[in-house]
Amino acid sequence: MRILNRFGYGGFFLLILLLPALLDARWLTVGTTFLIFSVVALSEDIVLGKAGMFNMGHALFFGLGAYTTAVLNSSFGWPILATLPLAVLIPALGGVLIAGPIVHLRGDYLLVTTIGFNIVFVQALQNDIFGVTGGPNGIFALDSLRLFGKNLDSPMAIYYAAFLVLLLTLWVMRNLETSKTGRALHYLREDHIAAEAIGINTRIHKIFAFALGAGLAGLAGSIYAVQYAAVSPEAFNFMQSVLFFAIVIVGGSSVPGVLIGVVVMFVLPEVFRDFATWRYFIFGFAMILAMILRPRGIWPATFGRLPKYLLGGERHGG
Amino acid sequence: MDTFLQQLVNGLTIGSIFALVALGYTMVYGVMRLINFAHGDLVAAAAFVGLTVYTQVMGGVASLTAVLVIFGLTVLVISLVGVILEQVAYRPLRQAPRLSAVVSALGASLVIQNGIMLIWGPRMLIFPGELIPAVTWNLGGVVISLIQVLILVISCALMVGLYLFVDKTRLGAAIRASSIDQDAARLMGINVNRIIMVIFIIGSSLGAIGGLFIGLYYRGITFNMGWQYGLYAFVAAIIGGIGNIPGAMLGGMLLGLFNAFIAGYVSSTWADAFTFIMLIAILIVRPTGILGERVAEKV
């Protein structure tokens with residue numbers, strides 16, 4: 001099983017590495033956006049899937065990262081690379097500030113407050129808050145990513161940059177799953193009262209999950225801003241949050257599941273772009289059908305593996 | 001002072017529409033613990049169905065009969081859609097994890113919204129204004145129109161009727177029992193599936209009337225307006241305490257008044273933001289809404 005797992009990931013990474021050779025310009029753009037959306041969906045999975053908090057406002061953090069890069073670059077003249085740390089830190093801090101007062105809310109109430117924050121955020125951008133967000137049109141003509149004096153402005157370079165961010169995200173997710181914090185989050189999702197009873201500080205862990213998810217989404221947002229050299233409020237509205245939410249649930253909140261979710265919910269609609277008017281009508285039916293056929297998602301998460309000493313009792317004290 | 005009274009009248013009108021739609025959310029949530037995201041789109045569909053009934057069935061001639069037929073047929077069609085929605089999208093997921101049903105609801109919302117677009121087209125249609133005579137009264141500077149009075153009176157009558165129905169009848173008692181504990185209700189001989197069907201019929205009917213009011217009051221109807229009204233009505237249900245029928249009425253009225261005063265005194269470009277900031281503030285202070293939820297949480 002372990003070998004199969006490693007093989008699966010190896011094959012997937014190889015495919016992603018070689019894919020640009022096969023794609024034309026339009027599909028390369030779709031490929032880059034696929035990688036970026038995968039990062040955002042995985043970061044949403046930390047909050048929604050791992051910690052079990054109904055967050056339907058994740059596009060806010062995605063947008064906060066994108067706008068951090070865009071504002072620092074366009075209004076303050078920072079090079080793109082220098083904005084990256086802040087594009088992680090500011091959304092992460094935003095995650096702490098937003099989650100702080102609301103994490104104690106139960107399920108659906110949390111869902112509606114996160115929708116609320118998302119809507120407030122987008123309206124603030126549209127009203128050109130602090131005079132730096134460019135109003136409803138957003139900010140355009142950003143610089144390209146520069147590294148060691150070289151301009152990385154080809155679509156191919158951005159594709160690989162997005163891939164690097166995805167690798168980083170997968171590494172974080174893997175470490176999270178095998179760490180004490182990850183287990184605490186898992187326990188807290190299953191039963192928050194029991195988790196509290198054995199001494200897990202649920203509040204700190206919930207806020208941490210929000211901050212971690214927000215930081216990763218912010219980094220993805222930064223790359224997204226670079227990809228289009230522009231940001232606009234609609235790209236981060238509440239419908240976008242609904243998309244990330246649905247990706248995690250349809251996929252099944254495991255890493256392969258979320259990636260399949262992005263393919264099903266983002267790449268497939270791109271394939272059927274020619275059927276513009278019928279596309280979302282059928283897409284809606286597909287969502288219903290997917291949930292009826294696979295109520296736990298296409299590739300449901302199985303948390304961790306039981307430790308060896310539990311499985312092979314004879315080797316341990318036997 | 002004039003602005004204040006005028007916005008009060010406008011706010012109560014919008015508020016009663018929000019309350020009617022919010023009742024659909026809150027009743028479904030009360031029994032099924034499900035946010036029925038497709039409810040707002042049913043409301044939008046009602047306005048379009050009403051328009052078609054007027055032009056196709058009534059031949060575009062305005063009369064009292066026309067108004068009654070429009071309301072009757074639209075309520076019938078929309079409650080039928082509501083029942084089908086429940087059977088297709090929610091019933092198979094009764095035992096599934098809760099979020100699966102939420103995603104199914106989002107899918108159903110897309111289906112209805114795009115269904116409206118495929119049938120009636122993507123452009124804004126104008127609801128007939130001649131259906132209700134454009135009578136207005138000027139009470140010391142405050143303008144009140146006949147349609148505002150009708151919306152307010154009919155909504156209040158419906159809400160009182162619903163409250164009495166749920167509180168005083170046998171079927172109402174069965175609804176309350178199902179929302180406290182479905183399994184226990186089933187053991188008492190209540191057919192919970194039938195109760196859920198009744199709830200969808202009532203919720204969709206109230207939503208349909210709300211949708212027709214939106215058409216009559218605002219005139220312009222678009223295929224995607226369900227999201228906006230649905231979200232506001234849902235917020236109203238949450239403010240009042242979800243699953244709580246008087247709460248939905250209170251929440252709807254409060255939200256309508258709040259919106260009208262923001263639009264009248266502050267600015268309309270920040271209206272959504274203020275509404276949601278109020279919602280967040282209310283939930284931080286009272287985590288289960290103003291009147292509290294009527295939903296049992298088991299530990």
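Quick note on labels: first sequence line is chain A, next is B, and so on, each numbered from 1.
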Option from A/V231, A/D128, A/N127 for which side chain to side chain contact (heavy atoms under 4.5 Å, CB included) with A/T133 holds
A/D128

Could you tell me which portion of B/L93 (side chain, backbone, both or neither) has an atom closer than 4.5 angstrom to a non-hydrogen atom of chain A?
side chain

When the 4.5 angstrom heavy-atom criterion is applied to B/L231 and chain A, the contacting part is side chain

Check each of A/F121, A/F244, A/F117, A/F62 against A/F236 using the ring pair (Phe, Tyr, Trp, His ring centres under 6.0 Å) test, and report the only one that passes.
A/F62

Should we say atom CZ of B/R176 is surrounded by more than 12 heavy atoms from elsewhere, each under 6.0 Å from it?
yes

Evaluate whether atom CZ of B/R194 has more than 12 neighbouring non-hydrogen atoms of other residues, nucleotides or ligands under 6.0 angstrom away.
no

Is it the side chain or the backbone of B/L118 that comes within 4.5 Å of chain A heavy atoms, both, or neither?
side chain

What part of B/L279 gets within 4.5 angstrom of chain A, counting heavy atoms only: side chain, backbone, both, or neither?
side chain

Under 4.5 Å from any heavy atom of chain A - which part of B/P92:
side chain

Engaged part of A/L111 at the chain B interface, taking heavy atoms whose separation is under 4.5 Å
side chain

So for A/L110, is it side chain, backbone, both, or neither that comes closer than 4.5 Å to the heavy atoms of chain B?
neither

Side chain, backbone, both or neither: which part of B/A271 has a heavy atom under 4.5 Å from chain A?
backbone

At a heavy-atom separation under 4.5 Å, does A/M56 approach chain B through its side chain, its backbone, both, or neither?
side chain

CG on B/L125 to CH2 on B/W120, rounded to 0.5 Å
9.5 Å

So for B/Y90, is it side chain, backbone, both, or neither that comes closer than 4.5 Å to the heavy atoms of chain A?
neither

